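Quick caveat, the model's predicted, so the values are computed rather than measured. All chains are named by letter (A, B, ...) in the order of the sequence lines, taking the proteins before the strands, and each is independently numbered beginning at 1.
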Protein chains: 2
Amino acid sequence: MQSILENIAKHVTLTPEEQELFLSKTETKQFKAKTILLSAGEVATCTYFVNSGILRSFNINDNIIEHVLHFACEGWWIGDMYSYISGKPGNLFIEVLEDSEVVIITKENQQQLYQEIPKLERFFRILAENSLVAHQERLMDNLSLTAEERFEKFCSKYPSLIQKIPQKHIASYIGVTPEFFSKMKARLLKK
Amino acid sequence: MQSILENIAKHVTLTPEEQELFLSKTETKQFKAKTILLSAGEVATCTYFVNSGILRSFNINDNIIEHVLHFACEGWWIGDMYSYISGKPGNLFIEVLEDSEVVIITKENQQQLYQEIPKLERFFRILAENSLVAHQERLMDNLSLTAEERFEKFCSKYPSLIQKIPQKHIASYIGVTPEFFSKMKARLLKK
DNA sequence: AAGAGTACTTAACCTAGATTAAGAAATTAT
DNA sequence: ATAATTTCTTAATCTAGGTTAAGTACTCTT
């Protein structure tokens, strides 16, 4: 299990005191599968780091169709960045897919931490930049690759997820219906 | 015309000396339309801020099909973030669409500025976060909206661009072929 | 002003993926 | 264990948007 301090240490070096301070501004909680941590229409006041388990963020279109924005497994961050930084109601849900342990940072605490440990500005800058790059790549993939190619990329990027989550979520992530995904999978198995 | 200092002032406050220092680490250049500032396969060593004019970033698929990632008009930043932060060759082109004036910051200078003016970590964090939110929204739009709806969103988001750039670039940005875009536009005009 | 390139349109035909519907398999709850 | 719910599969039919191709209208050069 990768701790949040190890995650931070990938990009910036905190002193033991700073580490202590950081942890004191976080809260670690266990959640059962199917728990909804955030619903569309609410203002996101927290960011989440996954110690163990799996979360996903998604929105719901026309009150029917879900679209998965992001999966977060062990060692990943997740949240509704739009709502979090704007303070406005968002349109994302954040759901626990597997019993999980999650580190929670409130916006208020994060703002304080930025004052007290300026190095964290750098850390979260780097985090945002990396996430931006990942989203840019996914966007371009959606414009230029077939569903099959996107699925292959998904498999190599999230090999551990494939066995663990309902495949309808994977279909949603790569941008096809569950029915088409099923057909495509059958086609791939024949090869 | 919005200057780069005004752009920074939207999120952090620099002293006059810091402003001076910042500007000393930048270079402002004029470019003619059609100039390529960065090609796929090169390592991006700079980030660009548009004083006036229009730039775009795009990639080329199978050596044939272009996909526009981003347009940058007056007051916008543009670059190949992947290549810039990884130091590896990227797959984006950055092209000048209209005679433009561009502020250039090298990675080296940006790193120095982070040391000398830590507030800039915050500025670029906020910039990356905002950009991330925009990309997340565009990604979800591509998953859930029709081409027509994406075009409408494009129009309200970039009203000034529509008259200024070849419409094939708009087609590429919203993710359809120029032929389909033309057909769709004709259909919209009938309404 | 003529020519060359680039951008746009139109139309016929095609296909990846959506929709609808029904049944089968796997989970979950009791 | 069994019922209830959720997930997955299969198949027929449909459609948004792609492809190909040809013609038209712009821009740029020179």
Self-check item: Euclidean distance, atom CG of residue Leu188(B) to atom P of dT10(C) [Å, nearest integer]
Solution: 13 Å
Exercise. Check the distance between dC28(D)'s C1' and Lys32(B)'s NZ and give it to me in whole angstrom.
Key: 13 Å
Quiz item: Toward the 5' end of DNA chain C, which comes first, Met184(A) or Pro178(B), by nearest nucleotide?
Solution: Pro178(B)
Quiz item: Want to settle it: does Phe181(B) or Lys34(B) sit nearer the 5' end of DNA chain D, counting the closest nucleotide to each?
Solution: Phe181(B)
Practice problem: Using a cut-off of strictly less than 4.0 Å, decide whether Lys183(A) has a side-chain nitrogen or oxygen near OP1 or OP2 of dT9(D). | Solution: no
Exercise. Establish, for the pair Lys107(A) and Tyr84(A), whether the NZ or CZ atom is under 6.0 angstrom from the six-membered ring centre and no further than 45 degrees off its axis.
Key: yes
Quiz prompt | Options dG17(C), dG17(D), dC8(D), nucleotide nearest the side-chain atoms of Phe180(B) | solution = dG17(D)
Quiz item: Shortest non-hydrogen contact from Val12(A) to Lys119(A)?
Solution: CG1-O, 3.7 Å
Exercise. Measure the distance from CG on Leu189(B) to P on dC8(C) and round it to the nearest whole Å.
Key: 14 Å
Exercise. Using a cut-off of strictly less than 4.0 Å, decide whether Thr177(A) has a side-chain nitrogen or oxygen near OP1 or OP2 of dG17(C).
Key: no
Practice problem: Specify the residue among Ile165(A) and Glu179(B) whose closest nucleotide of DNA chain D lies further upstream toward the 5′ end. | Solution: Ile165(A)
Quiz item: Where does the angle between the aromatic ring planes of Tyr158(B) and Trp76(B) fall among parallel (under 30°), tilted (30 to 60°) and perpendicular (over 60°)?
Solution: tilted
Quiz item: Tell me: CD of Glu95(B) to P of dT6(C), nearest whole Å?
Solution: 12 Å
Quiz prompt | Arg125(B) to Tyr114(A), cation-pi by 6.0 Å centre distance and 45° axis angle | solution = yes
Quiz item: Side-chain N or O of Lys168(B) less than 4.0 angstrom from OP1 or OP2 on dC8(C)?
Solution: no
Quiz item: When all nucleic acid strands are considered with a 4.0 Å heavy-atom cut-off, which category describes Gln167(B): base, sugar-phosphate, or nothing?
Solution: sugar-phosphate
Quiz prompt | Lys10(A)/Glu6(A) ion pair, N-O < 4.0 Å | solution = no
Exercise. Grab the NE2-P distance between His67(B) and dG17(D) for me, whole Å please.
Key: 15 Å
Quiz item: Is any side-chain nitrogen or oxygen of Arg187(B) closer than 4.0 Å to OP1 or OP2 of dT10(C)?
Solution: no
Self-check item: Length of the CG-C1' vector between Asn61(B) and dT19(D), whole Å
Solution: 16 Å
Self-check item: Side-chain N or O of Thr146(A) closer than 4.0 Å to phosphate OP1/OP2 of dA16(C)
Solution: no
Quiz prompt | Listed nucleotide nearest any side-chain atom of Pro166(B), set dT7(D), dA7(C), dG17(C) | solution = dA7(C)
Self-check item: Whole-Å distance separating the NE2 atom of His169(A) from the P atom of dT6(D)
Solution: 12 Å
